[in-house]
Amino acid sequence: MALPGIGETLAGRIVAYREQNGPFLRTDQVMAVSGIGPGTYEKLRSYVHVRE
């Protein structure tokens with residue numbers, strides 16, 4: 001919820017997605033979460049990181 005444009009509902013969807021599918025392997029995979037499209041992803045892009 002500390003990220004721009006991410007409220008409680010969307011944060012919950014991100015957590016649920018990761019619990020079901022594991023960690024994101026690429027930053028753009030966050031767009032698989034319902035409610036995160038290209039516009040939201042561009043706002044988040046500099047905040048989203050994945051481990052190699």
Side-chain angles (χ1 to χ4, degrees):
M1 290 186 337
L3 300 175
I6 304 296
E8 186 174 345
T9 300
L10 200 46
R13 287 185 198 152
I14 293 169
V15 171
Y17 181 91
R18 290 182 62 203
E19 287 175 348
Q20 290 179 340
N21 300 288
F24 298 113
L25 302 176
R26 296 183 330 268
T27 60
D28 64 339
Q29 286 180 310
V30 74
M31 288 190 289
V33 176
S34 177
I36 300 180
T40 303
Y41 174 66
E42 284 303 315
K43 292 176 190 174
L44 299 174
R45 192 172 174 166
S46 64
Y47 299 96
V48 179
H49 302 278
V50 295
R51 293 184 185 166
E52 294 185 24

What heavy-atom pair brings Arg13 and Gly35 nearest, and what distance separates the two atoms? NH1-CA, 3.9 Å
Within the side chain of Gln29, is there an N or O that forms a donor-acceptor pair under 3.5 Å with the backbone of Leu25? yes
For Glu42, does the CD atom have more than 12 heavy-atom neighbours from other residues, nucleotides or ligands under 6.0 Å away? yes
Tracing side-chain contacts under 4.5 Å among Ile, Leu, Val, Met, Phe, Trp and Tyr outward from Leu44 reaches Leu3, Ile6, Leu10, Ile14, Tyr17, Phe24, Val30, Met31, Val33, Ile36, Tyr41, Tyr47, Val48, Val50
Residue set satisfying salt bridge (charged side-chain N to carboxylate O under 4.0 Å, His left out) with Arg26, at least two apart, ordered chain then number -> Asp28
Separation of His49 NE2 from Thr27 OG1 (nearest 0.5 Å): 9.0 Å
